[in-house]
Amino acid sequence: MKKRFIAVLMCVMLVTALFAGCGKNDDKNSKNSTETGGAAKEIKEFTAFFDRQGTELNKNNVVQDLIAEKIGAKCKETWLTGQTAEEAVGMLIASGEYPDFINYTQQLYDAGALVALDDYLDKYPNIKNFWNEIQWNSLRQPDGHIYSIPQFGKINEKLMDTQNNGEAFWIQTRVLKWANYPKIETLDELFKLLGDYYAANPTMADGSSVIPFEILAYDWYYFCLENPPQFLDGHPNNGSVIVDPSTFEVIDYNTTPTAKRYFQKLNEEYKKGIIDQEFMTMNHDQFLEKVSSGRVLCMVEQHWDFNTAEEAIKTQKLNDCTYVPLGITIDPGMQEQYYAANEAMALTGGLSITTSCKDVEGALQFVNDLLDPEIVTLRSWGIEGTDYLVGDDGLYYRTQEMRDNAVNADYKASNLSAYGYFPNFSGMNPDGKNAMTPDTQPSEFFEGLSAEVQECLTAYGAKTYVEMLDYNKIDGMEQPWYPMWSFSNNLTTETPGGLAWTKMGDTKQEYLPQVVIAGDFDESWNKYMDAYNACKPEDFLKEMQEEVYNRIEKVQGKDVRPAK
């Protein structure tokens with residue numbers, strides 16, 4: 001009974017937190033009024049919860065209020081705090097009360113918590129035209145309906161990437177400068193550099209100790225620990241398996257020779273003190289806190305996940321402690337695929353509207369209006385004259401003060417509103433002249449870098465972070481299975497493959513940290529492999545293989561399954 005009471009109390013606390021901040025009016029989808037030119041304008045208010053770390057905006061955020069004034073609606077966004085994503089979503093399902101918008105998950109679909117959207121799409125052209133017919137059809141669930149709008153990866157006109165927002169071995173520029181900008185290709189070269197630098201520079205200016213290599217192994221972020229073997233073998237981020245592009249064969253990267261070599265290297269470096277001795281017990285917030293301090297020299301991470309920590313480094317003016325990506329491979333001379341330009345043809349996941357939303361059409365109108373060209377620019381660049389300027393050539397640019405504001409957490413909370421987990425474009429701005437965001441505007445990007453990063457990129461013959469890596473382009477028609485994590489992320493224990501996937505994840509989270517710290521690596525690795533194989537990964541691989549075939553059939557219209 002006590003446990004049940006605590007569970008109910010936690011549900012109430014979460015729901016209360018989600019819907020807090022919607023004003024004194026307790027009704028969701030409430031309407032406020034604002035004075036515009038002497039006439040009161042009605043503002044609809046929606047709520048959203050995203051099972052990711054994020055920044056809460058202050059009330060009366062300037063850009064958010066301006067957008068609301070223009071389109072007549074706004075949304076209070078809340079983010080994950082102090083819980084895992086699974087716990088937070090599970091509590092919402094237990095309560096039966098949801099915000100208006102939420103990230104699609106299989107659990108929410110199974111719980112009947114989401115609204116089918118396909119019957120509405122024709123009414124909202126900006127949403128309808130956001131993806132093509134093949135892509136929309138790829139989102140249909142077993143009941144034939146569409147329940148989500150994928151937010152990311154829609155390229156307008158052409159890619160303008162200057163940064164690698166995804167995974168890489170990220171290293172501070174001061175380490176590379178200290179060694180006179182050497183060519184670093186392999187794990188052995190990387191860890192030798194880190195060891196040499198650490199021996200010569202063990203502390204920060206304030207006397208705190210440097211952390212040569214950090215590992216985030218907490219909750220679902222443990223991908224930072226478990227998935228580097230796929231990259232080290234020169235494959236792109238399918239996230240759960242490798243797919244051979246010539247044979248379409250699914251390969252388990254957890255059991256390759258490269259996987260063993262990688263974790264043996266981590267084991268050696270842990271024993272030397274190069275890897276943070278606290279990595280096993282560190283949660284996500286503690287990880288970001290360490291990165292924010294500037295003490296972490298190198299790590300494997302997705303840039304979008306530690307971006308806020310890097311901005312904190314910039315705010316402290318620790319300019320030589322920001323990061324550039326390295327495309328490390330297991331052996332020298334290999335093509336790496338840490339960066340891959342791609343617009344997937346087969347989509348999954350995305351933004352959903354819940355059954356608690358009392359104004360589904362109003363919510364869809366809000367999403368539709370967020371894709372209006374004027375609003376897109378406000379979300380990405382802010383307000384002209386305040387957050388950016390326009391040159392005589394029509395190109396947007398920022399002053400140094402504007403750039404500093406853009407990375408200042410306090411300024412952003414009060415003044416900028418990207419609605420970052422609502423659908424938006426990458427590539428070109430709708431005006432066809434500028435890039436979608438300041439950090440992808442070629443003329444603005446390099447000028448906005450610190451002198452330390454400019455010097456580092458120049459030393460490697462690069463003008464952007466992308467140019468620090470090999471350039472790869474994945475054609476969604478040719479490789480429609482990419483990325484396979486968009487399928488595995490939605491597996492449940494209802495299928496043999498999904499059950500195996502869950503067990504494999506639990507086993508990796510339990511055993512891999514033990515492998516890294518083991519006194520006897522071979523003994524620990526063999527125990528891990530025994531436990532891993534007991535999960536029946538073959539069941540998982542079988543379902544992944546079938547999904548590869550399904551996606552090829554759906555997009556290319558041909559069956560490539562081997563003849564029986």
Side-chain angles (χ1 to χ4, degrees), residues 158-186 189-190 192-194 196-198 200-201 205 210 212 291 294 296-301 303-304 306-307 309-329 332-341 388 391 393 395-404 406-407 434-473:
K158 62 180 181 179
L159 269 175
M160 298 290 288
D161 287 353
T162 53
Q163 301 201 49
N164 178 44
N165 202 32
E167 195 156 317
F169 282 78
W170 294 91
I171 190 168
Q172 291 182 339
T173 58
R174 60 171 166 163
V175 181
L176 296 171
K177 181 174 183 176
W178 177 82
N180 197 27
Y181 301 113
K183 183 178 182 180
I184 302 293
E185 287 184 272
T186 67
E189 292 168 347
L190 174 66
K192 182 179 187 311
L193 171 61
L194 293 174
D196 290 347
Y197 181 89
Y198 182 49
N201 306 275
V210 161
V291 176
V296 176
L297 301 182
C298 185
M299 60 193 162
V300 176
E301 243 284 47
H303 190 260
W304 53 259
F306 72 93
N307 188 44
E310 191 168 45
E311 288 179 355
I313 292 173
K314 294 174 184 174
T315 302
Q316 298 169 73
K317 303 298 182 187
L318 298 171
N319 291 335
D320 59 352
C321 293
T322 57
Y323 299 86
V324 293
L326 294 178
I328 299 296
T329 54
M334 298 172 63
Q335 173 85 11
E336 46 83 359
Q337 296 196 61
Y338 288 86
Y339 175 81
Y388 71 97
D393 54 2
L395 291 177
Y396 300 166
Y397 68 97
R398 283 172 161 170
T399 64
Q400 190 55 49
E401 181 182 4
M402 292 171 178
R403 295 180 193 123
D404 291 342
V407 299
N434 289 282
M436 189 62 64
T437 59
D439 59 0
T440 57
Q441 182 88 321
S443 54
E444 173 61 16
F445 173 74
F446 192 80
E447 194 65 29
L449 297 173
S450 67
E452 289 80 1
V453 176
Q454 287 181 344
E455 177 182 315
C456 180
L457 294 184
T458 302
Y460 287 101
K463 286 286 187 181
T464 70
Y465 288 77
V466 168
E467 291 174 358
M468 289 288 289
L469 303 168
D470 289 342
Y471 184 85
N472 306 281
K473 186 172 183 178

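Throughout, residue positions are numbered sequentially from 1 according to the sequence presented. Heavy-atom basis, side chains included; hydrogens, waters and symmetry copies ignored.
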Any side-chain to backbone donor/acceptor pair from Asp404 onto Val407? Under 3.5 Å, distance only. no
Rounded distance (nearest 0.5 Å) linking atom CD of Gln441 with atom CG of Leu395: 5.5 Å
Nearest heavy-atom approach of Met468 to Pro325 is CB-O, 3.7 Å
Taking the side chain as C-beta and beyond, is there a heavy-atom pair between Tyr323 and Ile313 under 4.5 Å? yes
For the residue pair Tyr460 and Tyr181, categorise the inter-ring angle as parallel (less than 30°), tilted (30 to 60°) or perpendicular (more than 60°). perpendicular
Thr329 side-chain N/O to Pro332 backbone N/O, donor-acceptor pair under 3.5 Å: no
With a 3.5 Å distance limit and no angle check, can you tell me whether Asp470 reaches the backbone of Gln335 through a side-chain donor-acceptor pair? no
Which pair of non-hydrogen atoms, one from Val210 and one from Tyr198, has the smallest distance, and what is that distance? O-CE1, 3.5 Å
Nearest heavy-atom neighbours spanning Ala309 and Val291: CB-CG1, 3.7 Å
May I ask you to decide whether Glu444 forms a salt bridge with Arg403, counting only side-chain N to carboxylate O separations under 4.0 Å? yes
Could you tell me if the side chain of Pro442 sits less than 4.5 Å from the side chain of Met160, heavy atoms only? yes
Would you name the heavy atoms of Thr464 and Phe445 that are closest together and state the gap between them? CA-CE2, 3.5 Å
Go through the steps to decide whether Ile171 and Leu190 satisfy the test side-chain contact (heavy atoms from CB on, under 4.5 Å), and finish with yes or no. CA-CA 9 Å; Ile171 190 168; Leu190 174 66; 4.0 Å; yes
Would you say CD of Glu401 has more than 12 non-hydrogen atoms from neighbouring residues, nucleotides or ligands within 6.0 angstrom? no
To the nearest 0.5 Å, what is the distance between SG on Cys321 and CD on Glu452? 9.5 Å
Check: Thr458 and Phe446 side chains under 4.5 Å, non-hydrogen atoms: yes
Counting C-beta onward and ignoring hydrogens, is there a side-chain heavy-atom pair between Trp170 and Val296 closer than 4.5 Å? no
Tell me whether Asn307 contacts the main-chain N or O of His303 through its side chain, where contact means a donor paired with an acceptor under 3.5 Å. no
What is the distance from atom NZ of Lys317 to atom CG of Asn319, rounded to the nearest 0.5 Å? 6.5 Å
Got Gln172 and Thr322 here, is their nearest side-chain heavy-atom distance under 4.5 Å? no
Value for SG (Cys298) from CG (Leu193), rounded to nearest 0.5 Å, stands at 8.5 Å
Do side-chain atoms of Glu447 reach the backbone of Ser443 as a donor and acceptor pair under 3.5 angstrom? no
Roughly how far, to the nearest 0.5 Å, is CG of Leu449 from OG1 of Thr173? 10.5 Å
Near-ring test Tyr465/Tyr339, centroid separation under 6.0 angstrom: no
Using modelled atom types only, decide if a donor and an acceptor are shared between the side chain of Glu455 and the backbone of Ala451 within a distance under 3.5 Å. no
Does Gln163 offer a backbone N or O that forms a donor-acceptor pair with the side chain of Asp161 under 3.5 Å? no
CD/Glu467 to CG/Leu457 distance, rounded to the nearest 0.5 angstrom? 8.5 Å
Any Asn201 side-chain heavy atom under 4.5 Å of Leu297 side chain: no
Give the minimum heavy-atom separation between Tyr471 and Ala341, together with the two atoms involved. OH-CB, 3.7 Å
Any non-hydrogen side-chain atom of Thr162 less than 4.5 Å from a side-chain atom of Val466? no
Can Glu336 and Asn472 be counted as having a side-chain donor-acceptor contact under 3.5 angstrom? no
Looking only at heavy atoms, the pair that brings Glu185 and Gly333 closest together is OE2-N, 3.1 Å
